[in-house]
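Worksheet: the structure to be examined is printed underneath.
Residue numbering restarts at 1 for every chain, and letters A, B, ... go by the order of the sequence lines.
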Amino acid sequence: MGSDCLTPEWASQPCLMGIDEAGRGPMVYGCLYCPISYQTTLASLHFADSKTLKEEKREELYESLKLDKSIGWAVDVIGPRELSAKMLAKNKTNLNEISHNSAMGLIKRVLDMGVLLTEVYLDTVGDPEKYRKKLSERFSSIKFVVSKKADSLFPVVSGASIVAKVTRDRALREWLVEETGENINRNFGSGYPGDPETKAWLEQHKHSVFGFPSLVRFSWGTCTAHLKGEVEVAWESDETEEGGNGNSSKRQAKLSRFGFTTCESRSEEMESSGKGRCKFFQARKIQQVTQF
Amino acid sequence: MGTIDFRAASDENSIADLSGQVHQVPCCIRFDGSAEVSHYFKPKSTEVEIDGVRMEEAHFRGRRLQGATISLPSGYSGFVLGQASNQNANGKRKACSSTEENPCWEAKAKFDKMTYWNHDNLPSKDDTFLRSFHWFSIAEALHKPVKVEDLVAVSHGEK
């Protein structure tokens, strides 16, 4: 989503861009760009760090910047399910890397539209200098400024933070809860771990087997804490990490490949590795079972 | 040694057909009992088709699963087994009685289609689960009665 349906007529002038993010699941990356010559006007539009603004004010500024012909914007919305899937994948991607990729995706999208970006301002994600280097290597023609509190220091980043925050708020308001279980509601509060409404929602929507509806990012620390004491699920890809818990989890995870998902002590003994049998069985993890 | 009672399965209508509702997941769920699967586990068909098999996608506990629904090889059926009750419908004691050393199992449901899921890997012919089916054709050859002609052919070959 963004203003990118039409390439602006000022695209060939040197432009600057600000990028900022809102939320952690859904996570929204927003960018705002305009000609460098428009910078002074931009500074007079009273964009401020979106966190310091009231919701109505943010909405108002968002509507006005959308109408501004000298401003372009774009967003990248990464849903909680996509975030958990990446963070809990066999080859895990951490949140910083996902964030970097999202920001770079936005830059690429705007460049591909033919906008001459010469300066891009961003908030830090991980080590600022490493991030700046990574960005400069990918986009050598752009000067990058990676700075803490960029959203309050640079109006162009403040603008981007408004785009991101408003998009996230609206997305959450309309978010489709896919799970159809009874009593699933949408009063999930702000999503901050300390928010009493969020806490109550998590407690209320906890399911002993499935965990939470997919609106919740499972790779979230708060979520793991809430699921302590619920049904344990062991994944093959986590085997090495769980090494400390004794090898029973490892054995059971292997068993599941064969189709045994019950974890009784008896089945634990039979590792479906085909050990001691000929290669044909080993390669197919076929084990002879006489006790069941 | 355990015993499995398949008598209920031989009657077409006596046990439930769970074809397409049986899932094999790449994790161990330390729970035994019923759960609201259809409310939470929502497999979706994707656009991707490999070797004529449609790839499916689902999520469980925040992980992305990629799966495929397969038919069991012809001549084979899947069964859901449960602990057999010691009494039959008429209240009479059954022939097969369950003990600690000789548990007795009973077919509670059957299926001829099931979905198996990989964590972050597209299902393929190289998956162990599908490869284990190779055993069927080998078992068939091994257990086929040997005919006189076969023996003759072998002994001639040796000469």
Side-chain angles (χ1 to χ4, degrees), chain A residues 80-91 178-182 184 207-214 216-220 223 227 230-238 249 251-264 266 272 274 280-281 283-286 289-292, chain B residues 1-4 22-44 57-66 78 80-83 100-105 114 116-121 126-139 142:
Chain A
R81 203 157 65 174
E82 192 184 338
L83 283 173
S84 342
K86 282 187 172 149
M87 295 173 78
L88 298 171
K90 271 190 180 160
N91 298 313
E178 202 178 80
E179 285 73 12
T180 45
E182 269 176 64
I184 289 181
H207 188 284
S208 62
V209 175
F210 295 96
F212 292 106
S214 57
V216 176
R217 180 164 63 83
F218 282 75
S219 52
W220 184 31
C223 171
L227 288 180
E230 300 304 323
V231 172
E232 211 186 316
V233 175
W235 295 85
E236 283 171 37
S237 57
D238 291 347
S249 62
R251 222 178 256 167
Q252 285 166 356
K254 270 189 188 158
L255 267 177
S256 69
R257 288 189 206 168
F258 192 59
F260 285 99
T261 42
T262 57
C263 307
E264 287 158 25
R266 243 189 312 174
S272 59
F280 175 86
F281 297 110
R284 288 162 186 81
K285 297 197 171 20
I286 300 177
V289 179
T290 48
Q291 278 297 328
F292 48 86
Chain B
M1 186 72 95
T3 323
I4 304 173
V22 177
H23 300 276
Q24 200 218 214
V25 287
C27 58
C28 177
I29 304 168
R30 281 168 207 171
F31 175 74
D32 198 1
S34 59
E36 303 149 288
V37 178
S38 58
H39 280 312
Y40 284 88
F41 191 71
K42 302 200 176 262
K44 281 201 184 81
E57 193 181 84
H59 294 261
F60 178 62
R61 289 254 182 143
R63 318 236 172 180
R64 180 171 176 237
L65 306 180
Q66 291 174 293
V80 178
L81 303 181
Q83 203 76 239
E100 185 68 25
E101 307 84 61
N102 299 307
C104 191
W105 301 87
M114 63 170 292
Y116 79 97
W117 299 94
N118 290 339
H119 178 204
D120 285 330
N121 283 108
D126 298 327
D127 290 321
T128 316
F129 182 71
L130 286 186
R131 279 158 56 88
S132 69
F133 288 178
H134 296 167
W135 169 245
F136 296 150
S137 50
I138 292 177
L142 279 174

Side chain / backbone / both / neither for [X] at chain A, heavy atoms under 4.5 Å:
X         : value
Asp127(B) : neither
Leu130(B) : neither
His59(B)  : side chain
Leu81(B)  : neither

Inter-residue atom distance [X].[atom1] - [Y].[atom2], 0.5 Å rounding:
X         : Y         : atom1 : atom2 : value
Glu232(A) : Ile29(B)  : CD    : CD1   : 12.0 Å
Arg64(B)  : Ser84(A)  : CZ    : OG    : 12.5 Å
Thr128(B) : Ile286(A) : OG1   : CD1   : 9.5 Å
Phe281(A) : His134(B) : CZ    : NE2   : 13.0 Å

Check this for me, if you would: do Glu230(A) and Arg30(B) make a salt bridge, where the nitrogen-to-carboxylate-oxygen distance has to be below 4.0 angstrom?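 So Glu230(A) does not pair with Arg30(B) through a salt bridge.
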
Please examine the side chains of [Y] and [X], heavy atoms only from C-beta on, and report whether any two atoms are closer than 4.5 Å.
X         : Y         : result
Arg61(B)  : Leu88(A)  : no
Tyr40(B)  : Val209(A) : no
Trp135(B) : Arg284(A) : no
Phe60(B)  : Val233(A) : yes
Arg81(A)  : Arg63(B)  : no

Phe41(B) and Phe210(A): CA distance, side-chain angles, deciding distance, ring-ring contact (aromatic ring centres under 6.0 Å, His included) verdict: CA-CA 8 Å; Phe41(B) 191 71; Phe210(A) 295 96; 7.2 Å; no

Distance-minimising heavy-atom pair for Arg131(B) and Ala283(A):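 Taking every non-hydrogen atom into account, NH2-CB, 3.4 Å.
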
On a heavy-atom basis, which atom in Glu36(B) and which in His207(A) lie closest, and how many Å separate them?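 Heavy atoms only, the tightest pair is OE1-NE2, 2.8 Å.
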
Tell me, side chain or backbone of Glu82(A) under 4.5 Å from chain B's heavy atoms, or both, or neither?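 Neither part; nothing is under 4.5 Å.
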
